[in-house]
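Reading through the structure tokens given below for one structure.
This is a predicted model, so every value here is computed, not measured.
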Amino acid sequence: MSLLVIGLSHHTAPLAVLEALAEHTDRSGAIATAALSSATATEVVVLSTCNRLEVYAEVPAFHPAVAAIGEALALAAGVSSEPPSPAPADDLPHRAEVLADHLYVRHDEGAVAHAFTVACGLDSMAVGEAQVLGQMRDALATAQANGQVGESLNALFQQALRVGKRAHSETDIDQHSVSLVHIALEQAALQLGDLTQRSAAVIGAGSMSGLAAATTRRAGIGSLTIANRTPERAARLAEATQGDTRPWAELPDVVAESDLVITCTGAVGHVITGEIVARSARLRDGRPQVVVDLALPRDVEPAESWTSPTPGVTLVDLQHLGRLLEGRADRTEVGRVGALVTAEVADYLTRRMEKSVTPTVAALRARAASLVAAEMERLDQRLPHLDEQTRAEVALAVHRVVEKLLHTPTRRVKEFAMEGSGDDYAAALRELFDLEPKDVANVSTPPKRVGP
């Protein structure tokens with residue numbers, strides 16, 4: 001058995017591909033079910049965020065698992081593993097072979113290193129962000145609740161969460177990271193000038209919209225308007241950020257009246273169409289406007305689809321922000337976290353190797369103890385009048401002989417485990433001493449659950 005990670009993120013896939021996956025809200029459950037039903041994986045955890053979709057799996061064989069999980073990802077995107085015939089030229093993001101071009105695969109040691117790197121925020125669009133820790137915790141809890149995770153992935157994710165917490169408590173990685181909202185405001189200031197003299201609108205009232213509203217208010221924006229389909233949620237966010245609310249029906253007017261528009265609704269389908277943007281441009285008569293789309297699927301219709309002129313409008317989406325964020329993190333802190341991850345991966349692999357041979361060693365010693373007990377029982381039957389002191393001395397002598405015989409093989413199997421070849425040596429011990437698989441399996445312990 002070995003660990004496998006297969007997935008795609010903003011590092012490997014264009015926004016259109018990630019958007020195709022994000023449109024399927026039940027993708028995590030479908031992927032996990034498909035991977036497990038294929039019998040190529042025994043445990044599955046799906047990590048699904050707006051910028052990544054990863055499948056962590058415990059697998060008996062590498063290539064069949066990659067094929068099966070790749071198929072599950074393709075189905076989650078609403079495509080088949082077979083390309084359509086004839087293949088529509090305008091539907092490339094939805095073709096399975098295009099999806100496969102953007103997948104990355106991490107195996108065993110690489111899978112462990114990837115999980116720890118993700119947990120520390122080093123693989124995030126905003127390097128050093130801590131939100132991914134909660135997302136990984138939720139992914140593990142979901143898999144546990146569905147009975148899709150066992151000892152292997154539970155141990156991996158629990159340790160990844162601990163490593164992520166260490167990264168944030170022992171380094172300043174999060175203090176030096178640049179958030180999507182901060183860099184969006186930087187871009188807005190380049191186009192609009194002093195933000196204290198400008199108006200802003202935040203479309204949506206979820207967690208990301210709340211962050212955007214709070215950050216925009218702290219930046220000293222002149223005025224702030226909140227618009228959301230649910231008026232109560234908009235009112236709560238407006239009260240928390242000293243903003244105003246507008247009815248959802250007035251969204252086109254809100255867009256036209258705002259110098260800066262930040263949207264993140266989580267809706268499927270475009271909330272701000274090209275027609276709304278074009279209307280805004282006409283009413284503003286060329287005055288500069290910045291529209292920031294933090295949503296996936298995108299809230300704003302892609303600019304290449306706009307059919308009317310939009311002078312003065314600058315659209316900033318996640319892909320644009322991702323490019324701007326590259327290289328912005330503090331390299332010293334990134335290096336410190338990278339060193340922490342390297343040390344933790346080495347320690348985890350060592351302990352995993354040792355643990356992998358422990359059941360065999362325990363079963364071997366249990367077999368030896370059983371044989372000693374059987375021989376002492378025969379001795380009692382043959383020499384029923386043997387005094388207790390003599391019997392105890394005989395038992396101790398037999399025990400010492402057995403310990404000496406077992407000392408070298410048990411020591412060597414642990415040494416080989418440290419060198420990475422412990423599984424082969426353990427298999428040889430099981431064969432030589434005729435240890436049944438059930439004897440070894442009975443030593444295993446059930447995984448711990450994620451606590452609230």
Side-chain angles (χ1 to χ4, degrees), residues 18-19 21-29 48-51 124-126 129-139 141-142 179-185 188 195 198-273 275-277 279-280 289-301 315-318 321 452:
L18 294 173
E19 188 172 28
L21 286 164
E23 289 173 352
H24 297 263
T25 56
D26 60 345
R27 57 185 180 175
S28 296
S48 176
T49 74
C50 62
N51 291 317
S124 299
M125 184 177 289
E129 57 89 14
Q131 186 180 12
V132 70
L133 277 173
Q135 294 165 337
M136 293 185 76
R137 186 180 296 107
D138 291 344
T142 298
S179 73
L180 290 171
V181 178
H182 277 105
I183 203 163
L185 291 180
L195 294 182
R198 299 294 184 175
S199 59
V202 171
I203 313 303
S207 58
M208 180 58 80
S209 297
L211 175 62
T215 305
T216 302
R217 175 56 76 191
R218 285 196 298 270
I221 197 73
S223 65
L224 178 63
T225 300
I226 309 295
N228 188 59
R229 282 192 174 91
T230 306
E232 294 79 11
R233 296 187 68 182
R236 285 196 296 269
L237 181 55
E239 182 179 0
T241 55
Q242 294 81 50
D244 299 315
T245 62
R246 293 279 293 277
W248 185 257
E250 297 179 10
L251 180 62
D253 292 332
V254 172
V255 171
E257 295 166 13
S258 303
D259 301 311
L260 170 62
V261 178
I262 303 176
T263 180
C264 186
T265 68
V268 176
H270 299 132
V271 173
I272 300 177
T273 62
E275 292 181 2
I276 292 177
V277 177
R279 174 180 180 272
S280 174
Q289 182 182 49
V290 176
V291 179
V292 179
D293 189 354
L294 299 178
L296 199 70
R298 284 175 280 194
D299 278 345
V300 183
E301 185 177 356
L315 174 60
V316 180
D317 61 18
L318 284 174
L321 292 173

Could you measure the distance from the [atom1] atom of [X] to the [atom2] atom of [Y]? Nearest 0.5 Å is fine.
X	Y	atom1	atom2	answer
Thr225	Leu260	OG1	CG	11.0 Å
Thr142	Arg137	OG1	CZ	12.5 Å
Leu296	Thr49	CG	OG1	9.0 Å
Ile203	Cys264	CD1	SG	11.5 Å
Asp317	Asp299	CG	CG	11.5 Å
Arg218	Leu185	CZ	CG	10.0 Å

What I'd like to find out is whether the side chain of [X] reaches to under 4.5 Å of the side chain of [Y], using heavy atoms alone.
X	Y	value
Glu257	Ser199	no
Val316	Val291	no
Asn51	Leu318	yes
Met136	Gln131	no

Trace of the side chain to side chain contact (heavy atoms under 4.5 Å, CB included) decision for Ile262 with Thr216: CA-CA 9 Å; Ile262 303 176; Thr216 302; 3.5 Å; yes

Glu250 atom CD, over 12 foreign heavy atoms within 6.0 Å: yes

Salt bridge (charged side-chain N to carboxylate O under 4.0 Å, His left out) pairs, two or more places apart, involving residues 259-270: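 Passing the test, one end in residues 259-270: Arg198-Asp259, Asp259-Arg284.
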
Residue pairs, two or more places apart or on separate chains, that pass salt bridge (charged side-chain N to carboxylate O under 4.0 Å, His left out) and touch residues 220-237: none

Result of checking Thr273, Ile272, Val261 against Val300 for side-chain contact (heavy atoms from CB on, under 4.5 Å): Ile272

N/O donor-acceptor pair under 3.5 Å between Thr263 side chain and Val202 backbone: no

Flag, side chain of Arg217 to backbone of Gln242, donor-acceptor distance under 3.5 Å: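 Side chain of Arg217 to backbone of Gln242: a pair is present.
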
Which pair of heavy atoms, one from [X] and one from [Y], lies closest together, and at what distance?
X	Y	value
Val254	Ser258	O-OG, 2.7 Å
Ile226	Ala213	CD1-CB, 4.1 Å
Thr245	Ala234	CG2-O, 3.5 Å
His270	Arg298	CD2-O, 3.4 Å

Between Glu129 and Ser124: side-chain donor-acceptor atoms closer than 3.5 Å: yes

Flag for Ser280-Gln289: side-chain donor and acceptor within less than 3.5 Å: yes

Glu301/Ile276 under side chain to side chain contact (heavy atoms under 4.5 Å, CB included): CA gap, chis, key distance, verdict: CA-CA 10 Å; Glu301 185 177 356; Ile276 292 177; over 6 Å; no

Worked verdict on Leu321 versus Leu294 for side chain to side chain contact (heavy atoms under 4.5 Å, CB included): CA-CA 9 Å; Leu321 292 173; Leu294 299 178; 3.5 Å; yes

Contacts of type side chain to side chain contact (heavy atoms under 4.5 Å, CB included), residue Pro231, not counting sequence neighbours: none

